[in-house]
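Read through the structure below, which is laid out as structure tokens, and then see the notes.
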Amino acid sequence: MFKTKLATKSHPNHVNPVSISDNVCFGQEEIVIIAGPCAVESWEQMENVARQMNSAPVQALRGGAFKPRTSPYSFQGLGLEGLEILSGISKKYKMPVVTEVMSIEQIEAVASHADMLQVGSRNMQNFDLLKALGQANKPILLKRGLAATLEEFVGAAEYILSEGNSQVVLCERGIRSFDNYTRNVLDLGAVVALKQITCLPVIVDPSHAAGRRELIEPLAKAAIAAGADGLIIECHPHPNESVSDANQALSLEEMVNLAYNLEPIAVAVGRCLSVPANSLLAA
Ligand code: PEP
Ligand code: MN
């Protein structure tokens with residue numbers, strides 16, 4: 001078994017719920033859906049996203065301000081300006097926001113603008129960053145490394161927990177394999193295993209797993225059926241104009257429909273999805 005203490009379940013029903021706002025909590029009966037663009041591009045873009053997601057069963061917004069890109073010549077994110085857009089939109093629409101932190105130096109700024117700090121796949125084993133986040137007073141969304149074993153993944157979470165931060169959510173986002181039809185391979189077996197082994201909530205990112213928009217809704221449904229506690233999904237007001245990850249961006253209409261279409265699956269596995277009172281589709 002893994003050399004973990006705090007991440008390990010102490011009894012079969014042991015779950016450590018993680019709250020990111022007064023009414024958004026991972027690891028309980030309710031499925032949490034996080035939606036938004038790959039990168040924050042402008043106030044108008046984020047406002048458009050927030051307005052539509054606010055009237056759908058979507059509880060939190062995403063958007064990268066600091067972007068880990070394969071090429072140094074690709075768009076690197078709006079940085080501090082992106083963080084300010086996120087916190088402004090969060091206040092205006094009363095929706096918590098999740099964004100990536102890439103280095104120890106960024107923690108203070110990101111923590112003062114976001115409700116949850118994301119550690120990207122490329123940083124999953126940046127142990128100094130994990131230890132520093134263990135001392136931050138903010139929930140952490142830890143994404144699985146591009147080719148990380150479950151032992152390495154849970155070990156990375158343990159680094160954060162062992163420094164005193166008990167607010168960690170794991171995210172399966174696909175792993176590298178030999179086929180290049182999909183961007184990565186979504187490992188739903190890992191979701192089931194992590195739910196059995198650890199007390200941490202587990203969510204799924206079908207966007208980075210698939211890399212193709214037409215695969216996202218079926219994979220999101222499969223993730224909920226497999227026991228995931230939530231989803232993080234990329235969407236954009238003009239998907240094809242997305243500055244990064246355009247092929248996997250859903251339109252806002254597709255994102256709203258996807259969220260509603262998850263409800264029967266959630267109910268079938270004993271979970272629920274909260275439909276906002278101001279929803280156009282609500283009864
Ligand atoms: C992201 O969520 O924006 C991202 C870069 O994902 P990952 O770290 O999983 O590649
Ligand atoms: Mn992306």
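Note that ligands are numbered from 1 as they come in the structure, with each ligand's atoms numbered from 1 the same way. This is a predicted model, so every value here is computed, not measured.
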- Message: Checking one value in my table: which N/O/S atom of Asp245 lies closest to the Mn ion (ligand 2)?
- Response: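 The Mn ion (ligand 2) is closest to the Asp245 atom OD2, counting only N, O or S.
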
- Task: Would you mind naming the N, O or S atom of Glu234 nearest to the Mn ion (ligand 2)?
- Result: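 Output for this pair reads OE2.
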
- Task: Indicate yes or no: does Lys5 engage Glu158 in a salt bridge with an N to O separation below 4.0 Å.
- Result: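 The answer is no: the pair does not qualify as a salt bridge.
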
For the backbone of [Y] and the side chain of [X], can you confirm whether one donor and one acceptor N or O come within less than 3.5 Å of each other?
X      : Y      : result
Asn165 : Ile140 : no
Arg271 : Glu29  : yes
Lys9   : Ile197 : no

Ligand 1 atoms in contact with [X] (distance to a heavy atom under 4.0 Å):
X      : value
Arg173 : 7 (P), 9 (O), 10 (O)
Lys67  : 3 (O)
Gly120 : 8 (O)
Arg122 : 7 (P), 8 (O), 10 (O)

- Quick one: the NE2 of His208, the Mn ion (ligand 2), SG of Cys38 angle, rounded to 10°, please.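 The NE2/SG angle about the Mn ion (ligand 2) sits at 160°.
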
- Message: Which heavy atom of Val243 sits nearest to which heavy atom of Ala39, and what is that distance?
- Response: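 Shortest heavy-atom contact: CG2-CB, 4.1 Å.
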
- If you take all heavy atoms of Ile89 and Ala50, which pair is closest and at what distance?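 What the structure gives for the nearest pair is CG2-CB, 3.5 Å.
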
- Message: Is there a polar contact between ligand 1 and Arg62, counting only N or O atoms under 3.5 Å apart?
- Response: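 Yes; at least one N/O pair falls below 3.5 Å.
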
- Any side-chain donor near an acceptor of the partner, Asp245 and Gln248, under 3.5 Å: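 Checked: Asp245/Gln248 side chains pair up, N/O donor to acceptor below 3.5 Å.
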
Suppose we measure from [atom] to each protein heavy atom; which comes out shortest, and what is that distance?
atom                   : value
atom 6 (O) of ligand 1 : Lys143 NZ, 3.0 Å
atom 8 (O) of ligand 1 : Ser121 N, 2.8 Å
atom 4 (C) of ligand 1 : His208 NE2, 3.5 Å

- Message: Would Arg144 count as a contact residue for ligand 1, given that I'm defining contact as a non-hydrogen atom of the residue lying under 4.0 Å from a ligand atom?
- Response: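 Judged by the 4.0 Å heavy-atom criterion, Arg144 does not count as contacting ligand 1.
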
- Knowing that exactly one of Pro239, Cys235, Ser251 qualifies, which makes a side-chain contact (heavy atoms from CB on, under 4.5 Å) with Arg213?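 One option only clears the test, and that one is Pro239.
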
